[in-house]
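Here's the structure, in structure tokens; my notes come after.
Computed from a predicted structure; not experimentally measured. In listed order, ligands and their atoms are each counted from 1.
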Amino acid sequence: MCLALFIKVSFMPFNYSKKYLMLASILTPCVLAALASSAQAEELVLPNVAVNAEKLADINLTAVNSNDSASLLADEPGVTLYRAGGVSSLPAIHGLADDRVRVKLDGMDLIASCPNHMNPPLSYIDPTNIDNIEVYAGITPVSLGGDSLGGTIIVNSTRPEFAAAGAGNLVTGQIGSYYRSNNDAYGGNVSASFATETFSANYTGTSSKADNYKAGKNFKTTTSTLNGSHTLPLDEVGSTAYETSNQTLGLAFKRDNHVLEAKFGYQNMPEQLYPNQRMDLLDNEQKRINLRYLGEYDWGALEARAYHEAVDHFMDFGPDKKFLYTTGNTTQGMPMNSQGKTSGATIKADLNLTAKDLLRTGAEYQHYALQDWWSAVALSSTMGPNDFININNGKRERAAVFAEWEKHLAADFTGLAGVRYEQVKTSAGMVHGYNLSTAPTSNSGSDSLNQTRDAAAFNNADRYKTDNNWDVTVLGRYTANANADLELGFARKVRSPNLYERYTWSTASMMALMNNMVGDGNGYLGDVNLKPEKAHTVSATLDWHAANRDWAFKATPYFTYVNDYIDAVQWDATSNAASTTQTNNAFTTMRYVNQSARLYGLDISAYMPLAQSSVGQFAVKGLLNYTHGENRSTGDNLYNIMPLNGKITLTHSYQAWDNALEVVLVKDKDRTSDARNEIQTDGYSLLNLRSSYNWKQARLDFAVENLFDKSYALPLGGAYVGQGATMMASTMPIGWGTAVPGMGRSVNVGLTLKY
Ligand SMILES: [Cu+2]
């Protein structure tokens, strides 16, 4: 089999360095395999801490449909996705997205270092490298998240495996590859492990590349082209191509009930284009190290972790976008740089006080530093002669302690109560615009685009902020009988503003347009005086099921009130105040502001077997999500709330064969944010087919997504600015009012081999 793999990879369409890397990755474990006998695996797993964890039952460990790890969450009740770049969707839980959701990747709280949040935590892991995901969509225990409002998503990469006692060394490996027809996407993944009873080493490498995708039948994104710009076919969705690779090396040592683990990660992403941002990601490099100790004791469990991450991020115009001002044929672009450094440590103890009482307590610390600057452009009259300092020496420091008590009050009743205190300190240094070389403190001399006025106001403001945030969670679970569980909870959760919300400062339209974390095409500027958001949520879950869970029906209604919700108002750069007249049906400049918001909704999921016959087992799965979000200060709708949507999946399994037919139904998005001139989208339905066949050491996946090649707009995909001149509010040739189209039909195949 090793020989077969070797030949297969040799013919894969990678560039040489990648190919040799993959070949080496295959050969090494193959040689090890020849030397060692196979053995039983043994895993060390944390005690189950979850009261209401919604564990993803079956993570499809293949990249056959997507390289976007967030897309694995698409079947989770209450979870929707802000579609953005090809591998960087932002998950939203019950209408709260991005930094409002705590995403923990291998226990690390990573932070997006980009004015467009192009590098969120899940963009650093390939779907094939994920071991498990837990989603807390209702009430999140304080031990599982702070500095966030909505739920928590816990994503763990491959866990270390050790050889069982006396069974000899353990050698495992996996190699996979896939192809998707719509955007000519292909890639591969390899993993190899070697373990003894006390030592474990694991390497994973993944690589993927895709062209722009095509919208469904008869979709036209533009009918004209800009002078000098290359012409895109009418159904091609500009700026949707990507290329990325991730590598991890994990080492672990085990002695009795103690495990010491080190994970090293490296990402090199040469390109991730953005159809809903004015800039494209043209380089992202991440290096990370994550150390963990896990010990089981008579009294409970102790976990300690320390991590460090360094990110270098670069943006400019990708191939489908162009600079508005060209000098002859010289298209110069607008280089933008972000550098982030995150260091953190956590310590957590689970104490079994009595057979019925569990106390979880811990402390967390995180230090984040951000530098964000845009290099001077020689031929531009406005973007020079100096660098534009967007965020100078930004710092965000979190220190938290928590305690949480879980008590089995009776055989049928469990209660949980927790409190968390978190101090968040933020600061940023003095700034200047393209027009000056030093930071001004008074508005004198010549000004360009109000850069001196705005920088001086910012430099004179108190930029050192300390937030004292208190979270509380109370939760009860009652088992009424063998068929019904009821869970009821309350949570108060607080999130401090991120550095882009607090410290971006320029009112100039072009600069503000570059600071946009939501993909709506507008420009944004920060406010140093923003207060933390405070959410109060009540939520219940009714879980009605067969005693053996053959069928299940689950409903979660929720209600959240957010004080000081960070929304935005239209801003007048000339008067430097909130606009008195509103701009309609156009991209505009917004400023973040504390308002209040209310969200409520319901998610329902169900599962039922249909028939068991000689031709296999048939079952049906259903999912329904409804969310309503409104700004209580203005009466406006909240931005990017997914309209009513559902999914019905018919599954069939027969021996080694698994098949699914999925219908996706989405209603019109007509409740949109007026302030942001959010684009309405039409309802749609899609049909997807999936099939997989499992052999003992191989798996073949086949899928047709959007079988009927339907043309539709992504409700949470934002505004389309994927081609032409995107640097000014009035984009050409697309203009305001086009939503990002969804992908047309794609035929996908994937093959995974294991040994
Ligand atoms: Cu970026």
Query raised in the report: Is the charged tip of Arg278 near the ring of Phe587: under 6.0 Å from the six-membered ring centre and within 45° of its axis?
Result: yes
Query raised in the report: Among the protein atoms near the Cu ion (ligand 1), how many are N, O or S and lie under 2.8 Å away?
Result: 4
Report task. Identify whether NZ of Lys or CZ of Arg in Arg463 sits under 6.0 Å from the centre of the six-membered ring of Tyr503 and within 45° of that ring's axis. Result -> no
Query raised in the report: Under 4.0 Å between a Lys/Arg side-chain N and an Asp/Glu carboxylate O for Glu533 and Lys493?
Result: no
Query raised in the report: For Lys287, what residues pass the salt bridge (charged side-chain N to carboxylate O under 4.0 Å, His left out) criterion, not counting sequence neighbours?
Result: Glu285
Query raised in the report: Salt bridge check: are Asp147 and Arg396 linked by an N-O gap of less than 4.0 Å?
Result: yes
Query raised in the report: Parallel, tilted or perpendicular: which fits the ring planes of Tyr524 and Tyr592, with parallel below 30° and perpendicular above 60°?
Result: parallel
